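These numbers were taken from a predicted model, which means no experiment stands behind them. Excluded from the calculations below are hydrogen atoms, water molecules and symmetry mates; all remaining heavy atoms, backbone and side chain alike, are included.
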Amino acid sequence: MRIGMALNYSGGFKETVAELADYEKAGLDIVFVAEAYSFDAVSQMGYIAARTERLQIASGILPIYSRTPTLLAMTAAGMDYVSDGRFTLGLGASGPQVIEGFHGVPYTAPLGRTREVVEICRRVWRRERLTHEGRYYNVPLPADQGTGLGKPLKIINRPVRDRIPIVIAAIGPKNVELAAELAEGWEPIFYMPEKAADVWGASLAAGKARRDPALGELDVIAQAPLAIGEDVSEWLELGRPMAALYIGGMGAKGKNFYNDLARRYGYEKEAEQIQNLYLDGKKDEAAALVPRELLEQMSLIGPESHVRERLAVMRDSGVTTINVAPLGRTHAERVRLIEKVRDLAS
C-alpha cells in the first residue's frame with residue numbers, strides 16, 4: 001500500500017513544501033495538489049518537482065472544464081518532464097459552484113467530457129497528429145466554426161512517457177464506473193471501507209469488465225486523517241467541520257454529490273439535517289450531527305494496534321494508496337507519523 005498525502009491549498013504553501021523533503025525521507029510515496037479556487041495547482045507542482053527527488057506528484061484534481069483537453073495533455077507532459085517521470089494526472093469534474101461560479105463555464109456532461117478528455121490526452125502523449133471528432137470536443141475546430149485554418153498537429157516535444165497515469169476523482173455510480181474502465185486510478189472522497197462494496201461494488205465491476213488489460217490493476221486511492229497513540233481520540237473531532245461543509249454546504253439541495261454519498265452510506269436522516277442546518281448558516285450545529293461512526297471508519301486515529309487493523313480493513317476493501325493527513329502539534333511529530341504508518345502499511 002502506497003502512502004500519500006494531500007497538500008493544503010488554502011495557504012502556507014511554501015512552508016508546507018519546505019517540509020516535504022522530510023516527509024519524502026520518512027517514506028511518503030506520493031503527494032496530491034488540489035486546485036479548487038485558490039492558486040493554480042500546476043505552478044505549485046512544478047515547484048514541488050524542483051524541491052524533491054523521489055516523491056511522486058499528482059494533481060488532485062485538475063478540473064476538466066477549466067482547460068482544454070489538449071492543454072491538460074500538454075500540462076501533464078510538461079509536469080512529467082520536469083519531474084523526470086514522477087507525475088500523475090488527477091482529473092475530476094469538480095462541481096457547479098466552482099465551475100459555473102468561478103470559471104463561468106456551464107457544468108454539463110461530466111461523464112462524456114471526461115471520456116473524451118482522457119482519449120485526447122493519450123493521443124497527444126503518443127505524439128499522434130491530433131484529430132478528434134467527439135460530441136463535446138472537435139480538434140481541429142471545424143472550418144464552419146472558425147477561420148478554417150486549423151490543421152492537425154502533434155506535440156512538438158517528446159513526452160517522457162507516452163502513457164502518463166490518469167486518476168479520476170469520482171463518487172457517483174456512473175462516474176466510478178467510468179474511472180474503473182478508463183483510468184489507472186480512482187480517487188473517492190469520504191471512503192468507508194466497510195460500506196465501499198455496497199456503495200461502489202457494482203459500478204467498479206461494470207467498469208472493470210470493459211477495462212483494457214494494458215491499464216493494469218486499478219489504483220484505489222482513499223483518504224484518512226492519521227494520529228497514532230493511546231490518547232489521540234480528540235483529533236477525530238477535527239473532521240467534523242470539513243464533513244459538514246461537504247455534506248451540508250457543497251451544493252444546493254438535490255445537487256450535492258457528497259450529501260448523496262452520505263445517504264447512500266445509510267445516513268439519510270443525518271444528511272438531511274446537516275444540510276438544512278448548514279444552508280441556514282448553523283455550521284456548528286451541522287458539524288455536531290456528523291455521525292461519529294462516519295468519522296471513525298474514514299480515519300486512522302487510535303493506538304498502533306487499531307491503526308494496523310484499520311489499514312488491513314482498507315487493504316482488504318481494495319485500497320492500494322492511502323492518502324493520510326498526519327495530525328501532530330509539531331512538524332517532527334507529523335514526520336514520525338509518516339514513518340510509523342509506512343512501517344505499518346508495509
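Shown here is D284, whose CG atom has no more than 12 heavy atoms of other residues, nucleotides or ligands within 6.0 Å. When the shell of 6.0 Å around NZ of K195 is examined, it contains more than 12 heavy atoms from other residues, nucleotides or ligands. Within a 6.0 Å radius of CD in E133, other residues, nucleotides and ligands contribute 12 heavy atoms or fewer.
Of all non-hydrogen atoms in G302 and V307, the two that sit nearest each other are O-CG2, 3.6 Å. A pairwise comparison of heavy atoms in M298 and Y191 identifies CG-O, 3.6 Å as the closest pair.
Atom NE2 of H132 sits about 7.0 Å away from atom CG of N138, to the nearest 0.5 Å. Rounding to the nearest 0.5 Å places OH of Y267 at 10.5 Å from CD1 of I274. Taking CG from D219 and CD1 from I30, the interatomic distance works out to 7.5 Å, rounded to the nearest 0.5 Å. Here the NE2-CG distance, from H331 to D22, works out to 3.5 Å after rounding to the nearest 0.5 Å.
A 4.5 Å side-chain heavy-atom check between E35 and S59 finds every atom pair outside the cut-off.
In this structure, a donor-acceptor pair under 3.5 Å is absent between the side chains of Q273 and E285. With no hydrogens or angles considered, no side-chain donor-acceptor pair links T131 and R123 at under 3.5 Å. With hydrogens and angles left out, the side-chain atoms of K253 and N276 include a donor and acceptor closer than 3.5 Å.
Taking the charged nitrogens against the carboxylate oxygens, E116 and R135 have no contact shorter than 4.0 Å, which rules out a salt bridge. The pair D29-R342 counts as a salt bridge, with a side-chain nitrogen and a carboxylate oxygen less than 4.0 angstrom apart. With respect to R122 and E184, a salt bridge is recorded, a charged nitrogen being found less than 4.0 Å from a carboxylate O. A salt bridge between R310 and E194 is present, with a side-chain N of the basic residue lying under 4.0 Å from a carboxylate O of the acidic one.
Partner of E24 under the side-chain contact (heavy atoms from CB on, under 4.5 Å) criterion, out of R51, E53, E19: E53 alone.
Outside the 6.0 Å centre-distance limit, the rings of F13 and F39 are not counted as a close aromatic pair.
Here side-chain hydrogen bond (donor to acceptor under 3.5 Å, both in side chains) pairs that include residues 72-92, with residues two or more places apart or in two chains, are T52-R86, D80-R161.
Below 30°, between 30° and 60°, or above 60°: for W200 and Y265 the angle between ring planes is above 60°, a perpendicular geometry.
For R113 and Y137, the positive end sits near the middle of the six-membered ring, less than 6.0 Å away and at most 45° from its axis.
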